[in-house]
Amino acid sequence: MKTFYPAVLMLGLFGAPAFAQATCEPGETVIKFSHVVAAEGHPKGEMATALAARVNREMDGTACMLVFPMSELYDDNDVMEAILLGDVHLAAPSVSKLENYTFQYRVFDLPFLFDDMDAVQRFVGGPMGQDLLDAMSDYGFAGLGYLFNGLKQFSASRPLLVPGDAEGLTFRVQASDVATSMVEALAARARQLPFEEVRAALQKGLVDGQENTWSNIYTAGFYEFQEEVTATNHQLLVYLVVTSKEWLDSLDSDVRLQFLSILGEVIEAANMRADGINQASRQRIVEAGGTVRELTGDQRRQWRSVMAPVWDEYETMIGVDLIDAAIAAND
Ligand code: SIN
């Protein structure tokens, strides 16, 4: 029977212990899950904790999962290499950060592509979305599922109601060319920074603004340095739960089947909770004194239209069929 110890080194943003880490027993297959966000109050953090709880209970004696949140072990720049080296076994990076391996995931980054998360669910559940899970197999990766966060919002220390309000500002973006093009379409500057550096960059004024989901803006404390958040819902943040084919193939088939079955159920449950977690984060930002602005229909049309050229820029790299399938998921 496993024991658990408080993860004293894994303090949440506000100093509370994030969760209990398991103590693995000799003979158990250790599964390390490394991610970059908070363990609580976040769609990915809570999914990882829930997965570990189930693996450690239902596969006790066979497998043991350890979770390393908040870039404690690896950030998204180096976690993919760590997976191939077998130093960790699971990660769930934003697909936007996987441009080094495939351009196909850029479909998820096209601004204002998906109307809502139901459309995303339809696309990833369809044949093209499922095929995309294997887009990095030539590099030795196995995509195990899509984990949702939600749609992203722009913030700054001044109101952003029309695209012109962003002109001249510098926004932090993920390591993604599409995100960079999107910000440049606003006549603003984009600065690619790892997630763990964003809060300090906002605090020090190295960037003027950022774009992320409500749950990231809240749990990573970005809102503390951004008085104004606009509900732009302009781009998706979705994760690929990923491992190495070599590690997956090394598991006994019954162990692999049990693990993948638990993982599938946990991802499905997490995806159903993601929107609620984001709405709760939005509410907490308001309660903490942040201003959240809604766009009128006309303002939203202006943001869409300014960002439309990004689609043309990346269409050939992504593939028209893939884009059309994503658009069709909105119906
Ligand atoms: C994450 O949600 O995993 C981080 C995304 C980011 O780098 O903004």
Side-chain angles (χ1 to χ4, degrees), residues 10 12-13 18 33-49 51 67-80 82-83 88 90-100 105-106 108-109 111 117 120 143-156 170-180 182-183 190-202 206-207 209-223 225-226 229 232-242 267 270-271 273-275 277-278 280-282 285:
M10 296 173 194
L13 180 65
F33 188 162
S34 171
H35 67 79
V36 301
V37 298
E40 289 179 356
H42 191 285
K44 180 162 54 182
E46 294 200 358
M47 174 272 184
T49 307
L51 181 64
V67 181
F68 301 90
M70 295 183 78
S71 312
E72 180 195 322
L73 210 50
Y74 293 103
D75 72 12
D76 285 331
N77 287 334
D78 38 41
V79 77
M80 299 299 282
I83 285 178
V88 293
L90 270 190
S94 156
V95 294
S96 315
K97 298 177 183 172
L98 300 173
E99 291 181 333
N100 285 344
Y105 291 140
R106 286 178 164 170
F108 292 106
D109 286 337
M117 296 309 290
V120 179
L144 302 179
Y146 297 101
L147 178 66
F148 298 169
N149 190 319
L151 294 169
K152 293 201 259 173
Q153 327 298 340
F154 271 102
S155 74
T170 301
F171 290 90
R172 177 271 171 172
V173 294
Q174 298 181 37
S176 152
D177 287 353
V178 184
T180 296
M182 186 180 72
V183 165
R191 185 157 176 189
Q192 298 187 359
L193 287 176
F195 188 67
E196 71 274 16
E197 293 177 22
V198 181
R199 185 170 182 271
L202 291 167
L206 301 178
V207 291
Q210 62 82 52
E211 44 104 44
N212 223 311
T213 58
W214 298 111
S215 54
N216 273 340
I217 295 170
Y218 180 68
T219 57
F222 301 164
Y223 72 97
F225 309 104
Q226 301 274 274
V229 190
T232 44
N233 290 313
H234 59 279
Q235 197 194 38
L236 178 67
L237 175 53
V238 66
Y239 309 113
L240 184 76
V241 181
V242 63
I267 290 176
N271 285 348
R273 278 175 45 77
D275 188 49
I277 292 173
N278 275 297
S281 295
R282 173 184 168 139
I285 291 167

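Read the numbers this way: they start at 1 and go in the same order the structure lists the ligands and their atoms. Predicted model only: the values in this text are computed from it and were never measured.
Residue His35 places every heavy atom at 4.0 Å or more from ligand 1.
Looking at Asn149 next to ligand 1, no N or O pair under 3.5 Å apart turns up. On a distance-only criterion, Lys44 and ligand 1 share at least one N/O pair closer than 3.5 Å.
Of the protein's heavy atoms, Lys97 NZ, 2.7 Å lies nearest to atom 7 (O) of ligand 1. If you check which protein heavy atom lies closest to atom 2 (O) of ligand 1, you get Tyr239 OH, 2.5 Å. When hydrogens are left out, the protein atom nearest atom 4 (C) of ligand 1 is Phe195 CD1, 3.6 Å; that is the closest non-hydrogen contact.
Neither the backbone nor the side chain of Lys152 has any atom closer than 4.0 Å to an atom of ligand 1 (non-hydrogen atoms only). At a 4.0 Å heavy-atom cut-off, ligand 1 touches Val37 through the side chain alone. Only the side chain of Asn216 comes within 4.0 Å of ligand 1, judged by heavy-atom distances.
One finds the OG atom of Ser71 at 9.5 Å from the CD atom of Glu197 (value rounded to the nearest 0.5 Å).
If you number the atoms of ligand 1 from 1 as listed, the ones under 4.0 Å from a heavy atom of Leu237 come out as 2 (O).
Using a 3.5 Å distance cut-off with no hydrogens or angles, the side chains of Gln192 and Thr180 do pair a donor with an acceptor. Side-chain contact annotation: Ser215 with Asn149, donor-acceptor N/O pair under 3.5 Å present. Residues Asn212 and Gln153 have side chains that never bring a donor and an acceptor to within less than 3.5 angstrom of each other.
Between Tyr218 and Tyr223, a ring centre-to-centre spacing shorter than 6.0 Å is recorded. Aromatic rings of His234 and Phe154 (six-membered ring for Trp) have centroids within the 6.0 Å cut-off, being under it.
Here the shortest heavy-atom pairing between Phe108 and Leu236 reads O-CB, 3.6 Å.
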